[in-house]
Amino acid sequence: MTSSALERDILTIALPKGRILKDAAGLFRAAGVDFSQIFQDKRKLISETLAEGLRFMIVRSQDVPTYVEYGAADLGIAGCDVLLEQDLDLYEPLDLQIGKCRMMIAEPAELAGVESPANWTHMKVASKYPNITTRYFQEKGVQVEIIKLYGSIELAPLLGLSDRIVDLVETGETLKKNGLVEVETMMEISSKLVCNRASLKMKPKRIKGLVERLARAVEQEG
Ligand code: PRP
């Protein structure tokens, strides 16, 4: 087999670093993929199971859609927060039901009850999600100044950088420990399998086969 023919048979999959990685690996295992040799060396960012023709790479969660859109990866796993924020043209064949949390607006506990959301007219909001936040408040007719941060968003109101935050909440512990309370849930979040549109045309059988195996794994795990 020529190397380009071999390349056509390999599916490259971008997995997100961080808390989703363990659940994502668990799903592939449940789908029958032998993960025993994958990412044994923690510093190696690309790893293959050649017997199955799968190549996995680990990237920052925000970079997964980029790798998939450019075709550097055929498939990827990304949270719908990241997908909505970046709004790229990707095929989304499957909700993997992992990485479940919610995106919400939170404020300092001492502000709670002082001003109801129905009376909001303008505010400063810190977030990793400027696009989603802008759209959300635009629809509500509230003027916002967005302070874009890359992490530890909960600090912003404590230090007077913003009035409120838009961020993900899973257990609620980080909010609680930093004296913040939830005001409004914007959306429920989970991670999705995303696919490059050209890959789907070039490798339809392999991709559909893997999507079916993963769909069964999601059902089983659920
Ligand atoms: C996420 C999120 C919250 C926290 C919520 O941050 O942005 O800060 O988790 O989790 P909890 O409700 O279970 O406390 P992450 O750990 O990804 O780090 P970051 O703040 O650097 O983005």
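Along the sequence shown, residues are numbered consecutively beginning with 1. Order of appearance sets the numbers: ligands from 1, and atoms from 1 within every ligand.
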Charged N-O contact under 4.0 Å between [X] and [Y]:
X	Y	answer
R19	E170	yes
E173	K177	yes
R164	E115	yes
E182	R102	yes
K192	E92	yes

Report yes or no: does K128 have a heavy atom closer than 4.0 Å to ligand 1?
yes
Non-hydrogen atoms of K176 versus ligand 1: any pair closer than 4.0 Å?
no
So is there a nitrogen or oxygen of Y150 less than 3.5 Å from a nitrogen or oxygen in ligand 1?
no
Looking at [X], which atoms of ligand 1 are within less than 4.0 Å of one of its heavy atoms?
X	result
T174	4 (C), 5 (C), 10 (O), 11 (P), 14 (O)
V169	12 (O)
T171	11 (P), 12 (O), 13 (O), 14 (O)

Taking the six-membered ring for Trp, is the centroid-to-centroid distance between F56 and F28 below 6.0 Å?
yes
Out of S127, G151, G172, the nearest non-hydrogen contact to atom 21 (O) of ligand 1 is supplied by G151
Closest to atom 12 (O) of ligand 1 (judged by heavy-atom distance), picking from E170, M104, E154:
E170
Do me a favour and list the nearest non-hydrogen protein atom to [atom] with residue, atom name and distance?
atom	result
atom 20 (O) of ligand 1	S152 N, 2.9 Å
atom 9 (O) of ligand 1	R19 NH2, 2.8 Å
atom 5 (C) of ligand 1	L168 O, 3.5 Å

Hydrophobic cluster identity match, V194 and L84, side-chain contacts under 4.5 Å:
no
In the single-linkage hydrophobic clustering (I, L, V, M, F, W, Y; side-chain heavy atoms under 4.5 Å), do L161 and L180 co-cluster?
yes
Test item: protein heavy atom less than 4.0 Å from atom 14 (O) of ligand 1:
yes
